[in-house]
Amino acid sequence: MDAVERKVRAGGRGARRAMRAAPDFGMLPALERNLPLCEMMDEEQVARIDDASMAILEDVGVVFRDEIALEDWRRAGADVRGETVHLDRGLVRELIASIPSGWTYRARNVERSLPFGGKHSIFVPMTGAPFLRDLDDVRRWPTVADLNMFHKLSHMSPALHSTAHHIVEPMDMKVSHRHLHITYSSMKYSDKTFMGMTTSGKNAEDVMDMCEILFGRDVMEATPVVTGNCNGNSPLVWDETMLSAMRAFCRRNQPVLCSPFVLGGANTPASVAPAVAQLNAEALSALAYTQVIRKGCPAIYGHYLSTVSMKSGAPMAGTPEISLMNYMIGQMARFYGVPWRTSNNLGGAKTFDAQAGYESAMTMNAVLHAGANYIWHSAGWNEAGMHCSVAKFVVDAEMCAMGYRMAEGIRWDDFEEGLAAVRDIGPGGHYLGHPHTQANFERAFFMPKLFDNNSIEQWQAEGALEITERALQYAKKLLREYEEPKLDEGIDEALRDYIARREREIPAVDALNTDY
């Protein structure tokens with residue numbers, strides 16, 4: 001028994017409550033899911049989606065707006081007509097068969113490396129918000145300091161396995177240089193795995209170079225160290241920006257999420273099953289192309305799912321149809337034997353209110369039962385992704401810990417000890433002082449730090465704080481206690497030198513770097 005535990009046991013309820021409230025900066029291992037999968041389709045329906053998707057690839061085709069990709073497809077034996085690539089199902093099946101079903105993500109801190117694929121899942125924060133709701137709950141443009149803050153919070157959240165990349169857009173930096181500072185922030189303020197910018201092929205090459213400085217070429221050849229995301233333009237289009245970034249990652253043996261961007265009813269049919277058939281065709285075309293670039297390189301079946309309000313045209317989160325599509329996509333990814341990505345804890349609310357909570361909870365439950373591997377946008381997402389909320393970020397991170405515990409499944413390791421306690425206590429007693437309870441009080445039932453379950457009298461005596469204010473106070477506390485996981489001095493200097501050189505080479509403009 002260590003000193004902290006002795007103090008807790010000696011101090012009783014108050015000490016135990018203080019211990020629960022103390023920040024825990026360790027990272028949970030990759031989630032090994034033990035929940036039954038929710039599979040909405042039978043074998044015949046899975047085959048029906050597969051056949052429909054393959055027919056789309058063969059008969060309708062997919063537009064690849066990129067001369068290099070078109071030439072790659074010609075050499076691979078595809079039927080290329082102008083910019084439209086018609087893919088024979090046999091060719092698609094042959095190509096995707098070489099995608100690994102899983103791997104290990106190497107983190108800067110090797111103790112935080114993660115098994116991935118199959119039953120293993122990881123939680124990743126949101127990215128791409130052009131606004132934030134800050135530590136005072138004020139909605140404003142973000143800066144690079146705000147980005148650094150979110151990477152610190154990611155580092156200190158046990159259930160978040162990654163820092164992602166541009167959780168918020170650093171608006172105080174020129175667009176052409178942002179990718180360099182976003183990547184450095186991901187590397188500097190946390191030693192977890194992270195994502196790499198894919199905003200252009202040149203930017204992706206810079207990310208690969210910086211990863212090589214951090215990890216070394218041999219490590220990158222051996223195992224993934226970073227993840228990219230390439231969004232398709234639904235319906236059935238992949239553009240040069242995404243494809244050039246995909247090539248940069250795949251050539252260096254680093255995985256990309258092959259992600260059609262679905263707005264159900266706007267850029268897909270207004271019905272769940274045919275929307276999934278289209279999305280599946282789009283994802284398969286990109287997954288197949290990764291193997292044209294480099295056979296055997298890792299890749300992830302991706303998507304972004306939203307449905308569109310038929311009244312306003314606005315994207316919606318947490319709808320039943322999104323859950324149904326997640327279940328279906330999970331089945332299709334397992335049918336093809338590839339890991340898959342989804343989005344988590346999405347909210348369309350403008351503040352961190354009940355709507356945000358309900359939408360996020362609806363999404364998380366479906367995601368966990370669908371068996372997703374790369375669970376992106378797990379913390380902070382609100383206002384349809386237009387802002388990242390600090391308050392929602394830390395509460396979402398705790399929700400991920402709750403989801404993690406649920407998905408672990410039932411524990412049986414203390415079953416006999418618990419039954420023995422029943423005999424010890426007998427009728428009419430209580431278990432609070434029993435040795436089994438004392439030994440298991442921390443792990444028996446999840447005890448959230450940010451949800452208030454006290455009596456109303458106690459809640460009022462402690463200031464009657466709503467969850468937003470509690471969450472902001474907690475975030476400030478975390479940031480006060482943050483300790484930077486220091487980069488090796490030589491690596492840090494090499495990264496900063498690389499950034500300085502590339503800033504001299506790339507014109508400082510508010511446009512993507514595609515030429516330098």
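As the structure is a computational prediction, the values presented were derived from the model and not from experiment.
For the side-chain hydrogen bond (donor to acceptor under 3.5 Å, both in side chains) with Asn34, the qualifying choice from Lys119, Arg411, Glu408 is Lys119, the only one to do so.
Counting heavy-atom neighbours within 6.0 Å of Phe451 CZ, excluding the residue itself, gives a total above 12. Within a 6.0 Å radius of CD in Glu466, no more than 12 heavy atoms belonging to other residues, nucleotides or ligands are found. Environment of CD in Glu469: crowded, with over 12 heavy atoms of neighbouring residues, nucleotides or ligands closer than 6.0 Å.
A salt bridge links Arg93 to Asp50: at least one charged side-chain nitrogen sits closer than 4.0 Å to a carboxylate oxygen. A salt bridge does not link Asp134 with Arg139: every distance from a Lys NZ or Arg NE/NH1/NH2 to an Asp or Glu carboxylate oxygen is 4.0 Å or more. Using a cutoff of 4.0 Å between basic side-chain nitrogens and carboxylate oxygens, Arg140 and Asp146 are scored as salt-bridged. Using a 4.0 Å cut-off between charged side-chain N and carboxylate O, Asp72 and Arg74 make no salt bridge.
Looking at residues two or more places apart in sequence or on another chain, you find a side-chain contact (heavy atoms from CB on, under 4.5 Å) between Ala391 and Phe352, Ser389, Thr468, Ala471, Leu472. For His377, the ring-ring contact (aromatic ring centres under 6.0 Å, His included) criterion is met by Trp381, not counting sequence neighbours. Applying the side-chain contact (heavy atoms from CB on, under 4.5 Å) rule to Ala129 yields the partners Met126, Val168, Cys388; only residues at least two apart in sequence or on another chain are considered. For the salt bridge (charged side-chain N to carboxylate O under 4.0 Å, His left out) test, no residue two or more places apart in sequence or in another chain qualifies with Arg33. For the side-chain contact (heavy atoms from CB on, under 4.5 Å) test, residues two or more places apart in sequence or in another chain that qualify with Met171 are Pro130, Trp141, Pro142, Glu169, Arg178. By the side-chain contact (heavy atoms from CB on, under 4.5 Å) test, Thr307 pairs with Met316, Thr319, Glu321, Ile322, Met325, sequence neighbours left out. Every residue meeting the salt bridge (charged side-chain N to carboxylate O under 4.0 Å, His left out) condition with Lys476, not counting sequence neighbours, appears here in chain and number order: Asp136.
Screening residues 290-303 for salt bridge (Lys or Arg N to Asp or Glu O under 4.0 Å), with sequence neighbours left out, gives Glu221-Arg294. Counting only residues at least two apart or on different chains, the salt bridge (Lys or Arg N to Asp or Glu O under 4.0 Å) pairs with a member in residues 238-255 are Asp66-Arg247, Asp209-Arg252, Glu212-Arg252. Residue pairs meeting the ring pair (Phe, Tyr, Trp, His ring centres under 6.0 Å) criterion with at least one partner in residues 28-56, sequence neighbours excluded, do not occur; the list is empty.
Summarising the geometry of Met156 relative to Leu478, their closest heavy-atom pair is CE-O, 2.8 Å, with the distance given to 0.1 Å. Of all heavy-atom pairs spanning Ala317 and Gly348, the tightest one is CB-N, 4.1 Å. Counting all heavy atoms, side chain and backbone alike, Ala407 lies closest to Leu368 at CB-CD2, 4.4 Å. When all heavy atoms of Ala286 and Trp238 are compared, the closest pair comes out as CB-CZ2, 3.3 Å. A pairwise comparison of heavy atoms in Val394 and Leu450 identifies O-CD1, 3.7 Å as the closest pair. In this structure, Leu87 and Ala78 approach most closely via the heavy-atom pair CD2-CB, 3.8 Å.
The backbone N or O of Gly117 sits nowhere less than 3.5 Å from a side-chain atom of Trp340 that would complete a donor-acceptor pair. Between the His165 side chain and the Met197 main chain, no donor and acceptor come within less than 3.5 Å of each other. Ser244 places a side-chain N or O within donor-acceptor distance of the main-chain N or O of Thr241, the cut-off being under 3.5 Å. Between the side chain of Lys192 and the main chain of Ser154, a donor-acceptor pair closer than 3.5 Å is present. Counting only distance, with no hydrogens or angles, the side chain of Ser343 and the backbone of Tyr304 share no donor-acceptor pair below 3.5 Å.
The closest side-chain heavy-atom distance from Asn326 to His369 is not below 4.5 Å. Contact annotation: the side chain of Ile122 approaches that of Tyr374 to within less than 4.5 Å [non-hydrogen atoms, C-beta and beyond].
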Under 3.5 Å, side-chain donor or acceptor atoms of residues 35-43 against the rest of the protein: list the pairs with distances, not counting sequence neighbours.
{"unit_1": "Glu39", "atom_1": "OE2", "unit_2": "Arg334", "atom_2": "NE", "d": "3.2"}
{"unit_1": "Glu39", "atom_1": "OE2", "unit_2": "Arg334", "atom_2": "NH2", "d": "3.1"}
{"unit_1": "Asp42", "atom_1": "OD1", "unit_2": "Glu44", "atom_2": "N", "d": "3.2"}
{"unit_1": "Asp42", "atom_1": "OD1", "unit_2": "Gln45", "atom_2": "N", "d": "2.8"}

List the atom pairs, with distances to 0.1 Å, where a side-chain N or O of residues 94-105 and a protein N or O form a donor-acceptor pair under 3.5 Å, not counting sequence neighbours.
{"unit_1": "Ser98", "atom_1": "OG", "unit_2": "Leu95", "atom_2": "O", "d": "2.9"}
{"unit_1": "Ser98", "atom_1": "OG", "unit_2": "Gln291", "atom_2": "OE1", "d": "2.8"}
{"unit_1": "Tyr105", "atom_1": "OH", "unit_2": "Thr227", "atom_2": "OG1", "d": "2.8"}

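Taking the six-membered ring for Trp and the full ring otherwise, Trp73 and Tyr289 have centroids separated by under 6.0 Å.
Side-chain N/O atoms of Ser259 and His303 include no donor and acceptor closer than 3.5 Å. For the 3.5 Å distance criterion, the side chains of Ser378 and Asn344 qualify, holding a donor opposite an acceptor.
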